[in-house]
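Report on the following structure.
Both backbone and side-chain heavy atoms feed into the values below; hydrogens, waters and symmetry mates do not.
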Amino acid sequence: MASPINAVLCALVGAALWTALGCAIARHLLPRVLALGAAPVIGWAVFSAACLPILNLIGFSALAVIGLAALGLVLAGISLRWPPAPSGPPTDLNPWWLAAAAVAAAILALLPALALLPKYSEAGVHLAAPIFDHSKIAIIDAMTRQGLPPINPVFGEDDAAGSAGHLVYYYLWHFSAAALALPLHVRGWEADIGLTWFTAFASVTLMMALAVWLSRRAGAALLVVALAASASLREALSVFAGNYELDPFLRRPNGFAGWLFQSTWVPQHLIAASGAIASMLLLVHYAQRPKVGYVLTLALVVAASFESSAFVGGVTFAIAALASAPLLLSAIETKRRVNAVAGLALAGALALGIAAPFIHDQFALVAARGSAGAIGIHPFEVLGEMFPQPLRRILDLPAYWLILLPLEFPASFIAGAIALVAILGTRASIPERAAAKLLGVLAAAGLLISWLLVSRLGDNNDLALRAILPAAMILIAFAAAGALAASRRRLRAAIAAFAIGGVVLSMPDTAAMIYADWRGNAATDEAAFAQAPQLWAAVRRHAPAGARVANNPLFLRDLTPWPANMSWALLADRSSCFAGRELAIPFAALSPERRAAINDQFIRVFASQAMPGDVGEFATKYGCDIVVVVPQDGAWANDPFAASTDYRLVESRDDRWRIYVRAN
């Protein structure tokens, strides 16, 4: 099981390295307060995006990672000899306030990290629901075990996307976790927890810096923490409604949520949203002082955002960048415009070049799945079955703005929107006004994409669920700034009332979320899960690093609300030949029909309902080098592998497991 001590080690090492690198870079590009707050995001993005292609060439090893980190720190030390960027208007940077804000950010970031730890009870070990989306820990283990480019740990058959076992996914966030795990000799699960903490911490410090820069009040940083910790009004409304249910009126929650929820479930998308915001801030200051440092940094940050989330760093940022181009050009002096545009073109070309393998893979994934279109137009579904279908689709359009956004972002949507408009209407200095414009475009892009567009590559509309993240972060920062520094007293009072009122009313949902993540979900399989490390240790004794394992995709299925192969994903440290439908959706370039057929085949074999040829296909078609059968499988009593000539038994532990190796 994951060790909290090792997770803390990963978090501290990552935070120290990336913050130091980020400070060395950002101090030359951004005002002091923005440089401090954006440093973790910029440092992570520049280091990760630059190191990935290098390590692809020279090999992914602990020594190579340490060497690149040392080189980065040396360059960071050299940069300290150069003067920093102009600080701009004076800002309240009381060191005690800054220290308190940093501690508050670190504590808040513990909440998503703690949700991912194993939960121990007298019955065994269980998990919290967010661990489901962290089944991608298998990618981290695959990279530390087999290097780069990463193999697909979930499915190994040749497919239309390329060679056997090729990973088609935006995996940069997971690569950076592997870059921590490899030299520190920790598990992928532990590195994932540590990096989740760092991602939450980095995103909060970025919002803090933006709020302090806009308001010139250090107190705005602490208000950001309160706003980020807010959740939905659903719990409070359920309490006030008494016996009445929200379900017939509204659709059930589906992951469209604020910072606290998404930082726990999808940190890779959160770091991409942070990178998108940092990119906009770099663009604002590039317009004032065009120089090469912005071009290189911007290229790496934009590439890192896309390589962590095609939905946020790709679709959302691309649309926002195109929409904000006229505003950006108007902010550049006429005599500098040609050179500045050339620099932006170079930054875009570099970003595309760095991210080219990921872009190619995403197009290959769409083609392999045979989708009519990866993205379509479909308004976000808000209302429930109380409304007839034709009317519901029409009413969903205004309900998104009038009901869903105030419901899910009660502390920041209205307050942040008012503050954003207020800053645009004041005579703020040029960088602040320009930043408000570009960040407003990015927020609007996220809100509109979530409102009208849908992704068709999986069961969920992940585009809508994740595109909202940049808007959520921007509105939090503007709400915190506006509550303290809006131009008129009544305006400040209104913003503060909406912000603080939203925080208070969302406290029941915040408390319920934290409690559920801390307590976890009791499971009938938790006793078996407590013994799973021994099972997978036995498998590794017979499975070389490159071997692929077959086990029941439904093994310990009740550990999460959805039937995912979590025992394998968290503990196996070996690739699977097919890890199950839920894990194949994001990773395997398969059409829905083909994915369902393979899933049914694996389930029936382990349920002892194998058809002629099924076991043989495990060996010849899917490349299953190892097969694991356990008492929870129907195949335990009527074992199809025992009579097969394709496999031979190498270990049998009474009432625990049987391990078969492919007969060559």
Note to self: Could you walk me through whether I375 and V454 satisfy the side chain to side chain contact (heavy atoms under 4.5 Å, CB included) test, starting with their C-alpha distance in whole Å, then the side-chain angles of each, then the deciding distance to 0.1 Å, before giving a yes or no?
What the structure shows: CA-CA 6 Å; I375 298 174; V454 60; over 6 Å; no
Note to self: Evaluate E526 against Y120 for side-chain hydrogen bond (donor to acceptor under 3.5 Å, both in side chains), listing each step before the verdict.
What the structure shows: CA-CA 9 Å; E526 57 187 89; Y120 296 90; over 6 Å; no
Margin query: Using side chain to side chain contact (heavy atoms under 4.5 Å, CB included), reason through L68 and I54 one step at a time and then give a plain yes or no.
Written below: CA-CA 9 Å; L68 289 175; I54 295 173; 4.1 Å; yes
Next item on the list: Decide yes or no on side-chain hydrogen bond (donor to acceptor under 3.5 Å, both in side chains) for S455 and D462, but give the supporting numbers first.
Entry: CA-CA 6 Å; S455 58; D462 285 311; 5.4 Å; no
Margin query: Using ring-ring contact (aromatic ring centres under 6.0 Å, His included), reason through F198 and W44 one step at a time and then give a plain yes or no.
Written below: CA-CA 10 Å; F198 168 81; W44 170 86; 7.6 Å; no
Check: How far apart are the C-alpha atoms of V539 and I626, what are their side-chain angles, what is the distance that settles it, and do they pass the side chain to side chain contact (heavy atoms under 4.5 Å, CB included) test?
Finding: CA-CA 8 Å; V539 170; I626 306 289; 4.2 Å; yes
Checklist line | Derivation and outcome, side chain to side chain contact (heavy atoms under 4.5 Å, CB included), residues I598 and Y622 | finding: CA-CA 10 Å; I598 298 173; Y622 302 119; 3.7 Å; yes
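Within the 3.5 Å criterion, the main-chain N or O of A545 finds a donor-acceptor partner in the side chain of R145. Looking only at distances, no side-chain donor or acceptor of D133 sits under 3.5 Å from a matching main-chain atom of V266. No donor-acceptor pair under 3.5 Å is formed between the side chain of N6 and the backbone N or O of V186. Checked by atom type and distance alone, the side chain of W197 never pairs as donor or acceptor with a backbone atom of L111 at under 3.5 Å. Using modelled atom types, one side-chain atom of K119 and one backbone atom of L117 make a donor-acceptor pair closer than 3.5 Å. Between the S450 side chain and the L447 main chain, no donor and acceptor come within less than 3.5 Å of each other. Between the side chain of S309 and the backbone N or O of S305 there is no donor-acceptor pair closer than 3.5 Å. With N56 contributing its side chain and L52 its backbone, the two residues share a donor-acceptor pair below 3.5 Å. Counting only distance, with no hydrogens or angles, the side chain of R548 and the backbone of S576 share a donor-acceptor pair below 3.5 Å. Side-chain atoms of S308 never come within 3.5 Å of backbone atoms of L172 as a donor-acceptor pair (strictly under, hydrogens ignored).
Using cut-offs of 30° and 60° on the angle between ring planes, the pair W562 and F132 is tilted. Note: F587 and Y169 have perpendicular aromatic rings, judged against thresholds of 30 and 60 degrees for the angle between ring planes. Classified by interplanar angle (parallel below 30°, tilted 30° to 60°, perpendicular above 60°), the ring pair F602/F578 is tilted. The aromatic rings of Y171 and F358 are tilted relative to each other, their planes meeting at an angle between 30° and 60°. Between H134 and W173, the ring planes lie perpendicular to each other; the angle is over 60°, past the 30° to 60° tilted range.
How far CG of L571 is from CG of L535: 9.0 Å, rounded to the nearest 0.5 Å. If you take CG on N254 and CG on N461, they are separated by 8.5 Å, rounding to the nearest 0.5 Å. Note that CG of L590 and CZ of R595 are 7.0 Å apart. Values are rounded to the nearest 0.5 Å. Atom CG of L270 and atom CD of Q262 lie 8.0 Å apart (nearest 0.5 Å). Once rounded to the nearest 0.5 Å, the distance linking CG of L116 with CD1 of I193 reads 5.5 Å. Atom CD of Q146 is separated from atom OG of S575 by 5.0 Å, given to the nearest 0.5 angstrom.
Summarising the local packing, CG of L57 is surrounded by more than 12 heavy atoms from other residues, nucleotides or ligands at distances under 6.0 Å. Sparse packing is recorded around CZ of R187, with 12 or fewer heavy atoms of other residues, nucleotides or ligands lying under 6.0 Å away. No more than 12 heavy atoms of other residues, nucleotides or ligands lie within 6.0 Å of CZ in R252, so this atom counts as exposed by the packing criterion.
Looking at W536 and S567, their side chains do bring a donor and an acceptor atom within 3.5 Å of each other. In this model, no donor atom of one side chain and acceptor atom of the other lie less than 3.5 Å apart for W259 and S263. Donor-acceptor pairing under 3.5 Å is recorded for the side chains of N565 and N551. With 3.5 Å as the limit, one finds no donor-acceptor pair spanning the side chains of D509 and S232. Counting only N and O atoms by type, the side chains of T316 and R466 include no donor and acceptor under 3.5 Å apart.
Counting all heavy atoms, side chain and backbone alike, A64 lies closest to G59 at CB-O, 3.7 Å. Contact between P183 and V65 at its shortest, heavy atoms only, is CG-CG1, 4.1 Å. Between N599 and P553, the closest heavy-atom pair is OD1-CB, 4.4 Å. Heavy-atom minimum distance, G188 versus D141: N-OD1, 3.0 Å.
Only one option out of W451, F409, F261, W265 pairs with F256 in a ring-ring contact (aromatic ring centres under 6.0 Å, His included); it is F409. Under the side chain to side chain contact (heavy atoms under 4.5 Å, CB included) rule, F529 has a single partner from H126, M566, M1, which is M1.
Taking the centre of each ring, W568 and F555 stay at or above the 6.0 Å mark. Side-chain rings of Y170 and H269 approach one another, their centers coming within less than 6.0 Å.
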